[in-house]
S.K.: 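Can you read through this structure? Questions will come right after.
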Amino acid sequence: MGRGKIEIKRIENANSRQVTFSKRRAGLLKKAQELAILCDAEVAVIIFSNTGKLFEFSSAGMRRTLSRYNKCLDSMETSAVEYKAEKQESKELDVLKDEVARLQMKQLRLLGKDLTGVGLKELQHIEQQLSEGILAVKEKKEQLLMDQLEQSRLKEQRAMLENETLRKQVEELRGFFPPAERPVPSYREYYPTERKNSRANHGVVSPDPGCEIEKEDSDTTLQLGLSTEIYRKMKEPGRETHSNDSGNQMDLL
């Protein structure tokens with residue numbers, strides 16, 4: 001007789017359950033060992049009984065196998081997270097592409113292009129949007145013009161204030177300097193006298209008396225307003241008879 005099929009469920013009898021656990025545990029560990037040897041695989045089995053007792057088998061060491069398992073688990077989780085992130089980014093990218101295409105179509109319609117298949121209501125809506133946009137542009141333009149006028153007015157006021165401040169400063173500076181009571185004499189009025197007085201005061205002696213007299217006569221001639229040529233003619237001998245006439249001429253001058 002062959003074995004009959006056993007229903008897979010919890011064995012209610014404790015003794016039968018313990019016997020079955022011992023037999024199947026030994027068979028499972030034996031099969032794991034055979035699998036590791038035959039297939040050159042790294043196999044680890046961990047079993048806890050219902051009483052909490054531990055049974056284990058590892059072909060390459062339990063700690064090493066568990067560490068390798070944890071690394072593989074982490075890498076799998078990381079890969080899963082990266083895959084989810086890539087999938088989410090792909091969805092967002094598709095949404096953004098659709099939004100860009102919609103905005104481009106809307107812009108073309110606002111420019112009066114690609115109006116194929118547009119209904120009457122949508123055309124009226126586009127016309128209303130254009131009218132509102134034109135009004136907003138006009139208001140912005142008027143605002144900019146008003147701002148420029150205000151800036152120009154402020155600049156003019158600032159310039160007027162600066163000019164008034166400068167005028168007051170000039171008037172204050174003029175108040176510190178009183179006006180001159182008598183004018184300064186010109187060069188022709190004081191130059192001969194100053195030269196003559198300087199010669200007398202310093203006692204300068206000329207090496208040639210004749211030159212000194214001639215210089216004094218030239219100074220006198222300058223004071224009288226006569227030319228050098230007339231003075232030489234007056235000094236020449238034989239012209240003494242005309243000295244009176246020249247004297248009269250000097251008196252006339």
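All values below come from the heavy atoms of this structure, side chains included, with hydrogens, waters and symmetry mates left out.
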S.K.: Side chains of residues 16-27: which donor-acceptor partners sit under 3.5 Å, not counting sequence neighbours?
M.R.:
| residue | atom | partner | partner atom | Å |
| --- | --- | --- | --- | --- |
| S16 | OG | N13 | ND2 | 3.3 |
| R17 | NH1 | I11 | O | 2.6 |
| R17 | NH1 | E12 | O | 3.4 |
| T20 | OG1 | S16 | O | 2.8 |
| S22 | OG | Q18 | O | 3.1 |

S.K.: Can you check whether Q129 reaches H125 side chain to side chain, under 4.5 Å on heavy atoms?
M.R.: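 They are in side-chain contact.
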S.K.: Verify, without hydrogens or angle tests, whether T78 (side chain) and D74 (backbone) share a donor-acceptor contact under 3.5 angstrom.
M.R.: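 Yes; at least one donor-acceptor contact below 3.5 Å.
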S.K.: Tell me every residue that passes salt bridge (charged side-chain N to carboxylate O under 4.0 Å, His left out) with E127, counting only those two or more places apart in sequence or in another chain.
M.R.: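 With neighbours one apart ignored, the set is empty.
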S.K.: Are L111 and V137 grouped together when hydrophobic residues (ILVMFWY) are joined by side-chain heavy atoms under 4.5 angstrom apart?
M.R.: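 No; tracing contacts between hydrophobic side chains, which count when under 4.5 Å, never links both residues.
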S.K.: Is any NZ, NE, NH1 or NH2 atom of the basic residue among R167 and E171 found under 4.0 Å from an Asp or Glu carboxylate oxygen of the other?
M.R.: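 E171 and R167: salt-bridged.
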S.K.: Per the side chain to side chain donor-acceptor pair (under 3.5 Å) rule, what does the pair list look like for residues 57-73, sequence neighbours excluded?
M.R.: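 Every side chain to side chain donor-acceptor pair (under 3.5 Å) pair that includes a residue of residues 57-73, provided the two are not neighbours, is E42-T65, E42-R68, S58-T65.
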S.K.: Closest heavy-atom contact between V45 and M62?
M.R.: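 Here V45 and M62 meet closest at O-CE, 3.9 Å.
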S.K.: Apply salt bridge (charged side-chain N to carboxylate O under 4.0 Å, His left out) to K9 and list each qualifying residue two or more places apart in sequence or on a separate chain.
M.R.: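 K9 satisfies salt bridge (charged side-chain N to carboxylate O under 4.0 Å, His left out) with E7 only.
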S.K.: Would F57 end up clustered with L38 when hydrophobic side chains under 4.5 Å apart are linked, directly or stepwise?
M.R.: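 F57 and L38: separate clusters.
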S.K.: Tell me which donor-acceptor pairs under 3.5 Å the side chains of residues 92-104 have, and how far apart each pair is, sequence neighbours excluded?
M.R.:
| residue | atom | partner | partner atom | Å |
| --- | --- | --- | --- | --- |
| E99 | OE1 | R102 | NH2 | 3.4 |
| E99 | OE2 | R102 | NH2 | 2.4 |

S.K.: Among pairs that include at least one residue of residues 141-155, which meet side chain to side chain donor-acceptor pair (under 3.5 Å), considering only residues two or more places apart or in two chains?
M.R.: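 Matches after skipping sequence neighbours: Q143-D147, E150-R153.
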